[in-house]
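Position 1 is the first residue of the sequence, and the numbers go up from there. Here the structure is a predicted model, which means the values were calculated and not measured.
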Amino acid sequence: TTVTVGDKVTVTISASEAILAPSVMIGGVAVDRVVGSGKNWTAERVMVETDTAGVLSLSVSFSDVGGEPGEAVVSTTDGTAITFEINNDGGAVVDGPFQSARAFADYNGNGTLDEGEPSALTDANGEYNLVKTTDAPATYNIVVEMTADTIDSISGESYADSTLKLKAPSGGDVVTPLTTVLVAAQAADPTFTAEDLALAMGLPAGIDVEAYNPFASGMTASEAHAVEKVFQQVMTATLIVSEAMEGVASITGATLSGEDASAAALLAVTKMITESAVTVDFSETTQVADLQAAAKTELIAQGIVDEASADIADYVLGKAADTVTQLSVAIQAVPVTDFAQPASSAVSLLKHDAATQMAALATAAADFLEAGSSDLTQLDISEILTLASADGVAAMVEENQAEVESHLSTLGGTVLDWGTFGDVTIGEG
């Protein structure tokens, strides 16, 4: 038969006369325990992920009750054998590639890494490899959470403070902002497919949302660029709306954790996407207004916003919507020749700048209201929220160039050596 990690292999030993407890090795490793007496003994060993795949070797060393050793046994009496297989569930976490993020198999579906659920940190390419255990359900989600060391390995963006979790159905090749939307969409409507999502986002024909990695070797530049821009816009919208929702809660005195805000923002983004009657475009003000409305609905559903605080939610979420629109315009404007290069990294960093500004806006709004003012439209935010305007975005991109160059210096001065761009195949990363 075949076994995998977590399976227990048992060897039954029958001797022609009484023997002392035998020494047994399975797969070159001493067994966990030997039980029995006289002529009959049983040896057991649980397989682990460090074991070598293939047919398991067997060795039984024994002595009679007088201590006289017998001839070691290295095969079963009937010639049967057991093959050890390691079943992996691997892939890559990509917005750009996420390095030092923790991926785990969420067997019980609670979104939290629990004992017995395999996990691994991603490498510089965003890749992870999880060893499936015998108790793995037929289907489950891969969940990725950020650690104190998580960065986008291309842009150098830090996700150390991010509570956002990315998800993907097991069996896919990637975990991305789009697979995260897919999981959320399917939770509400199991008939919604990866193909439906690709169509809604206007991805190039033939793109498999659950498998496409724009940073893998062999990708066509124009397709990779188109997909990466969508990743960036979805991630940008989610991070900004999450920070805005958390800000609304803090202003109103409600409790909303960063993780809950991220989850609520994701639901708002997902609702915007799945309910859109046209191709989704985060740079289009009417569509982003739908995102704003969805975010407010989530806050109302969670008891964060009521009639008395509706104006506060409208103000903060409105500024978030303006910022999402402006940053999406900047992302859309990145040419294919800048894909995975410093210029695009400087734009990618904007979402973190915007999240910081949204937090500062919430603090300023709370102080403004506490001081006795009631009309937030009179609050001067010209020095607080600069990324809600095209000029502010352009100025911040220029500032970000220095940060990108600093990150590049730690990599030896390059981001990725993709070779010549155009409608051609990209080389090795």
Undergrad: Please walk me through it: do D173 and N213 pass side-chain hydrogen bond (donor to acceptor under 3.5 Å, both in side chains)?
TA: CA-CA 8 Å; D173 295 325; N213 180 355; over 6 Å; no

Undergrad: Is it true that a side-chain atom of K165 and a backbone atom of G111 form a donor plus acceptor pair closer than 3.5 Å?
TA: yes

Undergrad: Is the shortest heavy-atom distance from the side chain of D95 to the side chain of P177 under 4.5 Å?
TA: yes

Undergrad: For the residue pair R102 and V144, establish whether any side-chain heavy-atom pair is separated by less than 4.5 Å.
TA: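 Sidechains of V144 and R102: no contact.
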
Undergrad: Check the side chains of D306 and S309 for a donor-acceptor pair under 3.5 angstrom, ignoring hydrogens and angles.
TA: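 Present: a donor and an acceptor within the cut-off.
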
Undergrad: Any side-chain donor-acceptor pair under 3.5 Å between T193 and D196?
TA: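 On atom types as modelled, these side chains qualify, holding a pair under 3.5 Å.
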
Undergrad: Using atom types as modelled, flag every donor-acceptor pair under 3.5 Å from a side chain in residues 289-303 to any protein atom, sequence neighbours excluded.
TA:
unit_1, atom_1, unit_2, atom_2, d
K296, NZ, D314, OD1, 3.0
K296, NZ, D314, OD2, 3.3
T297, OG1, A293, O, 3.0

Undergrad: How long is the straight-line distance from CG of L58 back to OG1 of T80, given to the nearest 0.5 Å?
TA: 9.5 Å

Undergrad: Which is it for S283 and D281 under the side-chain hydrogen bond (donor to acceptor under 3.5 Å, both in side chains) test, yes or no, and what are the steps along the way?
TA: CA-CA 5 Å; S283 65; D281 183 357; 2.5 Å; yes

Undergrad: When you look at D375 and Y315, which way does the side-chain hydrogen bond (donor to acceptor under 3.5 Å, both in side chains) test go after all the steps?
TA: CA-CA 10 Å; D375 185 2; Y315 176 80; over 6 Å; no

Undergrad: Between CG of L197 and OG1 of T274, what distance do you get to the nearest 0.5 Å?
TA: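 One gets 9.5 Å once the value is rounded to the nearest 0.5 Å.
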
Undergrad: Rounded to the nearest 0.5 Å, what separation is found between the CD atom of E85 and the OG1 atom of T4?
TA: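 E85 CD to T4 OG1: 7.0 Å, rounded to 0.5 Å.
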
Undergrad: Any donor and acceptor pair, going by atom type alone, linking the side chain of E284 with main-chain N or O of Q287 inside 3.5 Å?
TA: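 Yes, E284 side chain to Q287 backbone: donor-acceptor pair under 3.5 Å.
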
Undergrad: With a 4.5 Å limit on heavy-atom distance, are the side chains of L350 and T236 in contact?
TA: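 When only atoms from C-beta onward are counted, T236 and L350 do not touch, as no gap falls below 4.5 Å.
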
Undergrad: Could you go through E117 and D106, starting from their C-alpha distance and side-chain angles, then the distance that decides it, and tell me whether this counts as side chain to side chain contact (heavy atoms under 4.5 Å, CB included)?
TA: CA-CA 7 Å; E117 294 178 334; D106 188 19; 3.7 Å; yes

Undergrad: Does D152 use its side chain to pair, donor to acceptor, with the backbone of G156 at less than 3.5 Å?
TA: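 Side chain of D152 to backbone of G156: no pair is present.
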
Undergrad: Indicate whether the side chain of N108 and that of D114 have a donor and an acceptor atom separated by less than 3.5 Å.
TA: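 Judged by distance alone, the side chains do pair up.
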
Undergrad: Decide if atom NZ of K167 counts as having more than 12 heavy atoms of other residues, nucleotides or ligands within a radius under 6.0 Å.
TA: no

Undergrad: Are S348 and K351 linked by a side-chain donor-acceptor pair shorter than 3.5 Å?
TA: yes

Undergrad: Any luck finding a side-chain donor-acceptor pair between Y107 and N141 under 3.5 Å?
TA: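 Y107 vs N141: no donor-acceptor pair found between side chains.
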
Undergrad: Looking just at side-chain N and O atoms, do S382 and D380 make a donor-acceptor pair shorter than 3.5 Å?
TA: yes

Undergrad: Side chains of T150 and T147: do they bring a donor and an acceptor to under 3.5 Å?
TA: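 On atom types as modelled, these side chains qualify, holding a pair under 3.5 Å.
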
Undergrad: Salt bridge between D51 and R45, side-chain N to carboxylate O under 4.0 Å?
TA: yes

Undergrad: Just wondering, do E157 and Y159 contact through their side chains at under 4.5 Å, heavy atoms?
TA: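 Yes. Closest side-chain heavy atoms under 4.5 Å.
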
Undergrad: Kindly compute the distance separating CG (L385) from CG (D322), expressed to the nearest 0.5 Å.
TA: 8.0 Å

Undergrad: Do any N or O atoms from the side chain of S242 and from the backbone of A265 form a donor-acceptor pair under 3.5 angstrom?
TA: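 Side chain of S242 to backbone of A265, a donor-acceptor pair under 3.5 Å: no, none is there.
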
Undergrad: Any luck finding a side-chain donor-acceptor pair between S257 and E259 under 3.5 Å?
TA: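 Judged by distance alone, the side chains do not pair up.
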
Undergrad: Do T180 side-chain atoms and T176 backbone N/O form a donor-acceptor pair below 3.5 Å?
TA: yes

Undergrad: If we ignore hydrogens and angles and just use 3.5 Å, is the side chain of S170 paired with the main-chain N or O of Y140 as donor and acceptor?
TA: yes

Undergrad: To the nearest 0.5 Å, tell me how far I304 CD1 sits from S250 OG.
TA: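 Going from CD1 on I304 over to OG on S250, the span is 10.5 Å.
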
Undergrad: Evaluate the side-chain proximity of F98 to L166: yes if any heavy-atom separation is below 4.5 Å, no if none is.
TA: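 Yes - at least one pair of side-chain heavy atoms lies under 4.5 Å apart.
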
Undergrad: Ignoring hydrogens and angles, state whether a donor on the side chain of T163 or S262 is under 3.5 Å from an acceptor on the partner side chain.
TA: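 Side-chain D/A pair, T163 to S262: present.
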
Undergrad: Within the distance-only criterion (no hydrogens, no angle test), does the side chain of H225 pair as donor or acceptor with the backbone N or O of V334 below 3.5 angstrom?
TA: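 Confirmed, H225 side chain pairs with V334 backbone.
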
Undergrad: Are I331 and Q232 packed together at the side-chain level, in the sense that at least one heavy-atom pair is separated by less than 4.5 angstrom?
TA: yes

Undergrad: Any non-hydrogen side-chain atom of M219 less than 4.5 Å from a side-chain atom of P214?
TA: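 SC-SC contact between M219 and P214 ruled out.
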
Undergrad: Got a second to check how far I384's CD1 is from L379's CG, nearest 0.5 Å?
TA: 5.5 Å

Undergrad: Between the side chains of K319 and Q357, is a donor N or O closer than 3.5 angstrom to an acceptor N or O?
TA: no

Undergrad: Got a donor-acceptor contact below 3.5 angstrom from the T252 side chain to the V248 backbone?
TA: yes

Undergrad: Using a 3.5 Å distance criterion without hydrogens, assess whether the side chain of T42 forms a donor-acceptor pair with backbone atoms of V35.
TA: no

Undergrad: Quick check: does any side chain N or O of D32 sit under 3.5 Å from a backbone N or O of V46, one acting as donor and the other as acceptor?
TA: yes

